[in-house]
Structures are given as structure tokens and as C-alpha cells.
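Okay, structure first, notes after.
We name chains A, B, ... by the order of the sequence lines, and we start the count at 1 in each one.
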2 protein chains.
Amino acid sequence: MLRAAVDIADKGGIESLTMRRLAEVLGAEAMSLYYHVANKDEVLDGMVDVVAQEINEVVAGIDAAPAGGEWTKAMRARILAAREVLLRHPWAPWVFETRTTASPVVLRYYDAVVGLMRDAGFSYDLAHHALHALGSRVLGFTQELFDPGGEPSDAEAADMPEDIADQLPHLAGMLAEVGHDDPDSTLGFCDYQSEFEFGLDVILDGLDRLREGA
Amino acid sequence: MLRAAVDIADKGGIESLTMRRLAEVLGAEAMSLYYHVANKDEVLDGMVDVVAQEINEVVAGIDAAPAGGEWTKAMRARILAAREVLLRHPWAPWVFETRTTASPVVLRYYDAVVGLMRDAGFSYDLAHHALHALGSRVLGFTQELFDPGGEPSDAEAADMPEDIADQLPHLAGMLAEVGHDDPDSTLGFCDYQSEFEFGLDVILDGLDRLREGA
DNA sequence: ACCTGAACACCGTTCAAGT
DNA sequence: ACCTGAACACCGTTCAAGT
């Protein structure tokens, strides 16, 4: 049932996941679901468990590799592996954010993350701050809002009108330059993967410096 | 109308904002709204404009202060001021995230942010990376997921069952220590404001170091 | 130009009733 | 123990009709 729910969301987006559709895919006749589950939120709870379980399985194979390496390497590999799982489930960030109770499977992931930092010499206090600083990045995603200086929106397209460009001189300048440097970004799209890694490295480096100073 | 929509969301949460309720508050009889607006998304678009406008007004007064100071001070003050506005509109983060088109008012905010970095010697390229690294933090919020090691959930409460604590040794240890240090966090709540500032400073410091190295 | 009532196509969910 | 049909209370939205 959870597997079916994940499939629906993967294929048609999270908004296409309705109780009626889920029952249909399962062959059941609609409202039978409520015998097995209290409400739709419980389905969503189960779906984050599925994704978190997937992440835990993937990182289990990763952790062995950078055994002698620095902790930032291990953390980086772990987070990027988690990100790959997340990219297969584009609805997952939204569902993660809307959950109010902590899934035990997610807690297991966080426990391993704290363990990794502890092994690297972090105090519990600093590890706690570190989790907050990383935020959702520790699970491999960030919310992209409207993508500053990247979207091919009417206000930022290459043919940005003169009068609007005058009102936003710095964005116009930035777009012109960033757009020119990278042939793939002429349409204004950013490379989300490398931007994610950039931000991640800034934070990991900063945390490592704090670890050394402590 | 937008003001009324913001009021409803402020008081009853974003889920209490329905077209019928909005019309009721406005004195109109329900479906008249569709003469002035194409659909509900257009209302939500307008609401982020209201909030962004509020932010722009607040930061306009802030920017003058740290004139001779370092850019990180000015950026920090700007972002924390934006955060105060956001805290008055708890629904705003969710609405910001769901928008697909960039509001001109938000673009104005980002333009000023890029301008601030340009004045500090940032290249357009680094400023672009910086925006991505800051993500939603530049507007004053982060998504808190389930709050690692903080929520008074059944799995993490002070009376965490022995068997669960055994499965999550690092989280249990962290919770015990962090919970003890701060008398206000005995219930497991984190101080979101100081965690926000911690993460923000990590990123700003890291960006400043990259600026110097460039 | 502006508003309205009735209706449509959808939700999640309840509940009494079936096997 | 498990499933179902009919119904309820809500959505956003359409549309023909009013002033």
C-alpha cells in the first residue's frame, strides 16, 4: 500500500495522490483504506518512512568507503547519496516538511549523522548546532524558492525589458554575466546540483573550523 | 482584499484561507472575487507581495546603520530584520515555497542583496553562488523538518524508553546533554532564533572567506 | 462594470450495513 | 476481520443570469 502510494506520487506528483486513486490502484473499492489506516496523514507518514528507509540503505554502503578520510568527506558522500534518493522522489521534500511527528526511520538516519560527527570529535552541543545549520541539507535537499537570478521568468529572461532592468541593476548584471559564462544556462537555468554542493561545502567547512577551534 | 487575506492567514493559519471565507470577510457574497482575480493562486501571489513589501520597508531603515561596517554585519542585520517580519506571518514560508513565478517585489529585495555583496567586492559569480547557499535564509527562514533532537515527541521525550534509546544512542546522548545545559529546553524545545543565527553566521563567515580568497 | 445563485467536479471522511 | 455504498461537509471554479 505504501509502495503503491509512493509510485503514484513518483509518476503523477503528490497532488495526484488521493485516497480514491490509491484505492483504485490497489484494486480495492475506495473507502476500504480506512480500515487499515486512520487518515491520509498516516499514509504520508508511511511514505516518508519508505524514502528514509531507502536513504538508510544507500548510505549504509557509502559509510565504509571514507573510513580513514576526514569527516567532511564522509558527511559529504552521505548527504549526496541521500540527495540522489530524494531526486527520485520529487514530492518527498514537501512531505518531509509537512510532517509533525518524527519518523523512527528518519531518527535512525539522524542518529548515524550525529555518530559520524561524534567520531570526528564534535561535542553534543556543536553537533546539535550543526544539525540545525545543515537543516534539510542533511537529507539532501533545499527549497529553491523562485531561484534567484536563474528562472527564465518574464522579468529575468535574456530579453529583460530595459525599464525593469533599470529597476534591478544588480540582478540584471548578474544574470548577464552568469548566463554568459555557462553555455548551458543561456535560458537562465542554474545548475542545482553544483549549487547544492557549493552551499553544502561552505557549511561543512565552517563546521569543521568550529570543531577545530573548540 | 490582499490585506484581508493576510489577516485571515495570520489569525487562523493558511489552511483557514478559503475563497468563501475571504469573500465573507470582505462583505461580498462569495464568488464575486473571481471578477477581480483569476484564481486562488493569484491571491497567494499577492500575499507574498504584501509580505515582501513589508520586508523591503523594514530593511530600508536598517541598511543605513552599518555603513562603514563589514558586509557580513549589514547582511546579518538585513536578514534578521526580514526574519522578524516573517515571524509575524507564519504561513509565509509555505506560500513562498509554493510560488512558481518570481514576484517583482521579491526581486527588488534580491537585487538589494546582490548590490550589498557587490559593494563588498563580490563577483557576480560568487554572489550568485552565495544566494543559492543562503537559500531561504536570505529571507529569514529555514524549514525545520521535525527538529532534530528537539521535539518533545514520544521517541525523544525525557522519558525516552530504554529500548529506543539503545537504538538511537547518539541522539539520546545529545538530547540528554543539550537538554540539561539549557533550563528552557527541558521539554526538548530548541531555541530556533539562536539556531537560525548560528547557521547564518556559519554561512556568512564561509562566504566572506571565499570573497577574500577570490 | 460589477456582483450573484445555483451548480459541477472534486476532496477527505463517517457510518451503517454487508460478507 | 475485512470490505462496501451512500452520504456529508467541504473545496475551487464555471456560467448563465441579474443590476
Applying side chain to side chain donor-acceptor pair (under 3.5 Å), name anything that partners Asp41(A), two or more places apart in sequence or on another chain. Arg99(A)
With sugar-phosphate meaning primed atoms plus P, OP1 and OP2, does Ala30(A) contact a base, only sugar-phosphate, or nothing at under 4.0 Å between heavy atoms? nothing
Would one find a side-chain N or O of Ser32(B) under 4.0 angstrom from OP1 or OP2 of dT4(C)? yes
Do NZ/NE/NH1/NH2 and the carboxylate oxygens of Arg88(A) and Asp10(A) come within less than 4.0 Å? no
Can you check whether His36(A) has a side-chain N or O nearer than 4.0 Å to OP1 or OP2 of dC3(D)? yes
Check: Tyr109(B) side chain, Val138(B) main-chain N or O, donor-acceptor pair, under 3.5 Å: yes
Within the 4.0 Å limit for protein heavy atoms, which parts of nucleotides 7-19 of chain D are touched? Write it as a string from 5' to 3', B for base, S for sugar-phosphate only, - for none. B---BBBB-----
Just to be sure I understand: a Watson-Crick pair is purine N1 to pyrimidine N3 plus N6-O4 or O6-N4, both under 3.5 Å. Using that and G-U wobbles, which stems of three or more pairs involve DNA chain C? C:4-8 with D:12-16, C:12-16 with D:4-8
For the residue pair Phe96(B) and Phe141(B), does the interplanar ring angle fall in the parallel (under 30°), tilted (30 to 60°) or perpendicular (over 60°) class? tilted
Nearest heavy-atom approach of Tyr124(B) to His170(A) is CE2-O, 3.5 Å
Test item: Ser16(B) and Ile8(B) side chains (from C-beta on) under 4.5 Å apart, heavy atoms: yes
Within a strict 4.5 Å, meaning less than it, do heavy atoms of the Asp7(B) and Arg3(B) side chains meet? yes
Minimum-distance nucleotide to Tyr35(B) side chain [options: dT4(C), dC2(D), dA1(C)]: dA1(C)
Find out whether Lys40(B) and Leu22(B) are in side-chain contact, i.e. whether some heavy atom of one side chain is under 4.5 Å from a heavy atom of the other. no
